[in-house]
**Q** 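Dumping the structure here so I can ask a few things about it.
Values below: all heavy atoms of this structure, side chains included; hydrogens, waters and symmetry mates excluded.
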Amino acid sequence: MHHLPADLLRRPVRVVVIGCGGTGGAIAAGLPYLHQSMLVSGHPAGLAVTVMDGDTISPTNTVRQPFCVSEIGLNKAIISISRLNLFWGLNWTAVAEHLSERSDVSAFDIVIGCVDTRAARSLIHRKVQGLRSRVAYWLDLGNGSDGGQFVLGQPLNGRNRRSVERLRTSAELFPEIIDTTMDGDDLPSCSAIEALERQEPFLNSVLANYALALLTRLFRYGHLEHHGAFVSVATPRVVPIPVSPSIWRRMRQRGTKQLSAA
């Protein structure tokens, strides 16, 4: 069983969402509910959220991402955060740029990665590692056409390196997801029908809601027995990832595709 670090119950929890497309937009839209639930449960400050994305909204994005026609040409992160701040009375932050080698996420408590290439995920992996990083958790979400996974891990860094119960990250469990040589066609869909054919319409929100529910349980009860899952909307089916070193070893041996089918 994994236990929430005590300091995250005594101060604002700094969260950065990297990527504000289908999954990232759904995550951002759900975080105010987690923030409110933390406050009514006695947390002194709840969440302090930053959303990072350098993309502008395209006509195709209005088909299955939380944007409308009047927002075409505007930045995704700025639009998302402006909406949330206005509706919920928050003071959250938008960063209208992509994560890059110059970016610094080392001071955030939770890094939520909603990216769609191995190169981007590899960059997040490098950013949350190392003695200088104080990142407590990296929540990684990834998906294919009709399924995906989310994994809450604790990067091996200055904050977590002495933890005997450290949760393994998605990159540790499945090294292939940060292997940049395996990246294929990561170009955006050029038409609405192509966007729908590449991915089931509700997959992003399903993954996001499962991941948000995991974070909510962690802050509500202070512990977890599972730290992620594989999700299929085609079957439908959910395969949880237990907090277990023996399971982690078997996962690395069997690989992502085999586990999804288990």
Side-chain angles (χ1 to χ4, degrees), residues 15-35 37 47 49 51-53 55 60-61 63-67 76-77 80 84 99 110-118 120-121 124-125 128 137-153 167-174 176-178 183 186 188-189 195-219 224-243 251 255-262:
V15 179
V16 61
V17 181
I18 301 174
C20 194
T23 304
I27 286 284
L31 284 173
Y33 295 97
L34 173 56
H35 172 70
S37 70
L47 304 178
V49 175
V51 173
M52 176 183 291
D53 198 315
D55 276 346
T60 305
N61 295 151
V63 177
R64 59 178 179 83
Q65 295 185 17
F67 304 110
K76 291 182 179 181
S80 296
L84 295 177
L99 184 74
I110 302 176
V111 173
I112 304 179
C114 303
V115 296
D116 54 9
T117 66
R118 288 178 171 84
R121 188 174 278 109
I124 295 175
H125 172 65
V128 300
Y137 294 104
W138 170 23
L139 175 57
D140 176 62
L141 295 90
N143 60 268
S145 61
D146 58 15
Q149 75 284 333
F150 62 96
V151 179
L152 181 69
L167 298 177
R168 300 305 186 263
T169 66
S170 59
E172 292 177 282
L173 294 178
F174 318 115
E176 64 271 21
I177 69 171
I178 59 171
D183 262 338
D186 58 358
S189 304
L196 291 173
E197 287 175 346
R198 283 192 176 192
Q199 187 179 102
E200 294 292 335
F202 294 100
L203 176 58
N204 298 122
S205 57
V206 168
L207 277 173
N209 284 327
Y210 270 115
L212 289 165
L214 182 78
L215 287 179
T216 302
R217 290 187 63 83
L218 178 60
F219 280 97
L224 291 173
E225 295 181 358
H226 300 85
H227 67 116
F230 292 95
V231 180
S232 170
V233 295
T235 314
R237 178 169 49 187
V238 177
V239 180
I241 302 174
V243 177
M251 283 183 171
T256 308
K257 290 183 179 179
Q258 290 167 302
L259 276 168
S260 298

**Q** Calculate, to the nearest 0.5 Å, the distance between atoms NE2 and CZ belonging to H125 and R118 respectively.
**A** 14.5 Å
**Q** Enter the distance from I27:CD1 to S205:OG here, rounded to the nearest 0.5 Å.
**A** 10.5 Å
**Q** Search all heavy atoms of I177 against all heavy atoms of S170 and return the closest pair with its distance.
**A** CD1-OG, 3.4 Å
**Q** To the nearest 0.5 Å, what is the distance between OG1 (T23) and CG (L207)?
**A**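 Nearest 0.5 Å value for the OG1-CG distance: 6.0 Å.
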**Q** Treating R217 as the side-chain partner and L224 as the backbone partner, does any N or O pair qualify as donor plus acceptor under 3.5 Å?
**A** no
**Q** I need the minimum non-hydrogen distance between D53 and C20, along with the two atoms involved.
**A**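 The answer is OD2-N, 2.6 Å.
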**Q** Check for a donor-acceptor pair, side chain of R121 on one end and backbone N or O of L141 on the other, with a separation under 3.5 Å.
**A**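 Yes; at least one donor-acceptor contact below 3.5 Å.
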**Q** Kindly indicate, with the supporting measurements, whether the criterion side chain to side chain contact (heavy atoms under 4.5 Å, CB included) is fulfilled by L218 and L152.
**A** CA-CA 11 Å; L218 178 60; L152 181 69; 4.0 Å; yes
**Q** Between F150 and Y210, how do the two ring planes meet: parallel, tilted or perpendicular, split at 30° and 60°?
**A** parallel
**Q** So which atom in V238 and which in A229 form the shortest heavy-atom distance, rounded to 0.1 Å?
**A** CG1-CB, 3.8 Å
**Q** Rounded to the nearest 0.5 Å, what separation is found between the CD1 atom of I241 and the CZ atom of R168?
**A** 13.5 Å
**Q** Can you list the residues that meet the side chain to side chain donor-acceptor pair (under 3.5 Å) rule with Q65, with sequence neighbours excluded?
**A**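 For Q65, the residues satisfying side chain to side chain donor-acceptor pair (under 3.5 Å) (neighbours in sequence not counted) are K76.
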**Q** Could you point out which residue of I110, I124, V49, V111 forms a side-chain contact (heavy atoms from CB on, under 4.5 Å) with V16?
**A**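 Result for side-chain contact (heavy atoms from CB on, under 4.5 Å) with V16: V111.
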**Q** Are the side chains of T169 and V128 in touch, meaning some heavy atoms are under 4.5 Å apart?
**A** no
**Q** Is any side-chain heavy atom of W138 less than 4.5 Å from a side-chain heavy atom of V151?
**A** no
**Q** Heavy atoms, side chains only, cut-off 4.5 Å: are L31 and L212 in contact?
**A**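 They are in side-chain contact.
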**Q** Quick one, D55 and N61 - any side-chain contact, counting heavy atoms below 4.5 Å?
**A** no
**Q** Between V51 and A28, which heavy-atom pair has the shortest distance, and what is it?
**A**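 Shortest heavy-atom contact: CG2-CB, 4.1 Å.
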**Q** Of the non-hydrogen atoms in P32 and L84, which two are nearest, and what is the gap between them?
**A**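 For P32 versus L84, the nearest heavy atoms are CG-CD2, 3.9 Å.
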**Q** Where do L47 and H35 come nearest, in terms of heavy atoms and distance?
**A**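 So the minimum-distance heavy-atom pair works out to N-ND1, 2.9 Å.
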**Q** Check whether S80 reaches the backbone of A77 with its side chain - one donor and one acceptor, N or O, closer than 3.5 Å.
**A**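 No; judged by distance alone, with no hydrogens or angles, the pair does not exist.
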**Q** Nearest 0.5 Å, please: how far is CG in L167 from CG in L173?
**A** 9.5 Å
**Q** Should H227 and Y137 count as side-chain neighbours, where that means a heavy-atom distance under 4.5 Å?
**A** no
**Q** Measure the CG-CG distance between N209 and L214 for me, rounded to the nearest 0.5 Å.
**A** 12.5 Å
